[in-house]
Amino acid sequence: RHKFWETQPVGQFRDAADTSLPDGAIEPPTPLSEVRADPYPLPAAFEWLTCDLDDDALLADLYSLLAHNYVEDDENMFRFNYSPAFLRWALKPPSFFRAWHIGVRAKESKKLVAFISGVPARIRARDDVVRMAEINFLCVHKKLRSKRLAPVLIREVTRRVHQENIWQAAYTAGVVLPTPITTCRYWHRSLNPKKLIDVGFSRLGPRMTMSRTVRLYKLPDAPLTPGFRRMELRDVAAVTRLLRAYLAKFVVAPDFDEVDVEHWLLPQEDVVDSYLVESPETHEVTDFCSFYTLPSSVLNNATYATLKAAYSYYNVSTKTPLQQLMNDALIVAKQKNYDVFNALDVMENESFLKELKFGPGDGQLHYYLYNYRIRNGIKPSELGLVLL
Ligand code: YNC
Ligand code: MG
């Protein structure tokens, strides 16, 4: 049973068989004057803190809360280690709301003990472009778990999103809640197989030696596609056109304009990287690929403290076959010393995963919409949205 989630306007498990319910908003917006004016109450020892991520000291506190208390794998061997620069990028897109960067701190020590965030986005579901909040970085300090703080954080971010006259949200989680619109799997492509095996991320295959494994995953030293180069500011318009045309194919996808593309896809060192193919003859931009940088801390290993992981972001192929494009993405990630390249089975990713020697991970990523129903859900290949 879900004592909290049963009270929320989300697809309820009990309604799964009801085909009469229409797609779209589950409940209508309420007048802004009826949105609760005051923050929800916290236990007496704690207070709300609207976070200023331009404040380096605060950003360092958030980084540290997440580095020690955020998402771990099922076996508690690795924990996400989002960098401060990444957090600033993820949380300060065009027209972000500072009020949606919500901390909880201990009144006495002023220590940051919990966090939740939203950023504004336009997300299209079928032919409906909806203003939404993308909710991420929900975290409660390990010592404060199972005390029902998470529902208070979720209610408070919901209240602050409603204050901006926004009534829908998108989020992902590793846990099953009512009700996923789709369930995706991560696939992993070894770039540095020896280290991945040493830290327990992967295992030597049956009848494989280390040297055979290293050979199996070896990549060329430089990208193979003529005209493959890093994206620059001057490419924003061309990339936006490519991406908009491509994302139109999916049932749920972001509605990116040039301002969004400049923020979300223009390369930033060790945060996000984008490459494109510019035709050597016509100088037309025909293909595009991108990944973001999210290291994981290696817990309890004497040799290695972190794994450097690249995560496939948005990729568009119109001329270079997608598999060839992604092979070049693997090559540049290897050149830049990433240990592993991860990709979800969203969009057309299935078409290259096996061929490029990605292996399926354990653990699933469930995608959710708040106050928006999509009857029967969608397939991962119908999803054109990657959250960070
Ligand atoms: C989760 N990940 O089911 P019920 S993902 C949502 N997302 O409620 P307590 C979650 N709900 O089932 P704890 C959730 N995890 O009784 C748990 N819940 O109805 C629900 N982990 O609360 C859970 N970060 O405070 C239950 O649990 C209730 O102390 C229990 O805290 C949970 O960012 C958590 O995985 C996750 O830090 C904070 O375990 C804690 O365990 C933790 O007793 C490690 O809570 C880090 C971690 C989650 C990453 C993410 C997306 C979050 C989406 C939140 C929902 C947004 C809704 C839309 C709002 C805007 C709407 C508009 C308009
Ligand atoms: Mg709690």
Side-chain angles (χ1 to χ4, degrees), residues 53-54 82-96 119-122 191 219-249 253-295 308-338 341-343 347-349 352 356 384-388:
L53 300 175
D54 293 328
Y82 288 91
S83 70
F86 189 110
L87 292 169
R88 216 168 241 161
W89 170 67
L91 294 175
K92 293 189 63 203
S95 314
F96 77 96
V119 294
R122 291 179 315 282
L191 301 175
L219 287 161
D221 292 326
L224 305 176
T225 307
F228 187 91
R229 62 165 175 85
R230 206 158 193 235
M231 180 190 175
E232 297 173 19
L233 186 57
R234 62 184 163 104
D235 300 312
V236 165
V239 167
T240 304
R241 279 196 300 276
L242 265 184
L243 202 53
R244 287 188 65 84
Y246 184 63
L247 292 178
K249 299 186 192 185
D255 181 62
F256 282 145
D257 64 16
E258 291 185 7
V259 176
D260 301 315
V261 166
E262 179 174 338
H263 179 81
W264 291 121
L265 293 162
L266 198 62
Q268 288 191 42
E269 190 70 14
D270 289 325
V271 172
V272 60
D273 248 299
S274 299
Y275 292 82
L276 49 75
V277 181
E278 176 182 332
S279 162
E281 297 89 38
T282 65
H283 297 286
E284 195 194 349
V285 176
T286 54
D287 313 276
F288 172 80
C289 62
S290 59
F291 55 85
Y292 61 85
T293 300
L294 168 49
K308 191 174 176 193
Y311 285 73
S312 173
Y313 198 28
Y314 292 96
N315 310 304
V316 184
S317 109
T318 69
K319 185 157 157 275
T320 308
L322 184 59
Q323 184 176 321
Q324 182 184 331
L325 187 69
M326 295 311 295
N327 193 53
D328 283 338
L330 293 175
I331 292 167
V332 295
K334 175 65 188 174
Q335 282 179 323
K336 290 173 172 264
N337 223 21
Y338 290 82
F341 193 104
N342 300 327
M347 295 181 265
E348 294 177 295
N349 291 357
F352 65 77
L356 294 180
L385 176 65
V386 177
L387 299 177
L388 304 170

Original post:
Can you check whether L388 reaches Y313 side chain to side chain, under 4.5 Å on heavy atoms?
Top reply: yes

Subject >> Heavy-atom pair with the smallest gap, counting every atom of T320 and V277 >> reply: OG1-CG2, 3.7 Å

Original post:
Just by modelled atom types, is the G384 backbone N or O under 3.5 Å from a matching donor or acceptor in the K249 side chain?
Top reply: no

Original post:
Is there a side-chain contact between D235 and L276 (heavy atoms, below 4.5 Å)?
Top reply: yes

Original post:
With sequence neighbours left out, what residues match D54 under side-chain contact (heavy atoms from CB on, under 4.5 Å)?
Top reply: D52, R88, K92

**OP:** For residues I331 and P223, report the shortest heavy-atom separation together with the two atoms involved.
**Re:** CG2-N, 3.6 Å

Subject >> Close side-chain approach of L247 and P254, heavy atoms under 4.5 Å >> reply: yes

**OP:** Search all heavy atoms of S274 against all heavy atoms of S290 and return the closest pair with its distance.
**Re:** OG-CB, 3.4 Å

Original post:
With no hydrogens and no angle check, is any side-chain donor or acceptor of S279 less than 3.5 Å from a backbone partner on T282?
Top reply: yes

Original post:
Looking only at heavy atoms, which two atoms of R244 and F256 are closest? And how far apart?
Top reply: NH1-O, 2.7 Å

**OP:** Verify, without hydrogens or angle tests, whether D328 (side chain) and T225 (backbone) share a donor-acceptor contact under 3.5 angstrom.
**Re:** yes

**OP:** With side chain to side chain donor-acceptor pair (under 3.5 Å) as the test, would you mind laying out the steps for Y246 and S317 before giving the verdict?
**Re:** CA-CA 9 Å; Y246 184 63; S317 109; over 6 Å; no

Original post:
Which pair of non-hydrogen atoms, one from P120 and one from P94, has the smallest distance, and what is that distance?
Top reply: CG-O, 4.2 Å

Original post:
Aromatic rings W264 and W89: how do their planes relate, parallel, tilted or perpendicular, breaks at 30° and 60°?
Top reply: perpendicular

Original post:
Is the closest side-chain heavy-atom distance between F291 and Y275 below 4.5 Å?
Top reply: yes

Subject >> Heavy-atom side-chain contact between C289 and F228 under 4.5 Å >> reply: yes

**OP:** Evaluate the side-chain proximity of M326 to N349: yes if any heavy-atom separation is below 4.5 Å, no if none is.
**Re:** no

Original post:
Taking all non-hydrogen atoms of both residues, which atom of D255 and which atom of R122 are closest, and how far apart?
Top reply: O-NH2, 2.6 Å

Original post:
With a 4.5 Å heavy-atom cut-off, do M347 and L322 have their side chains touching?
Top reply: no

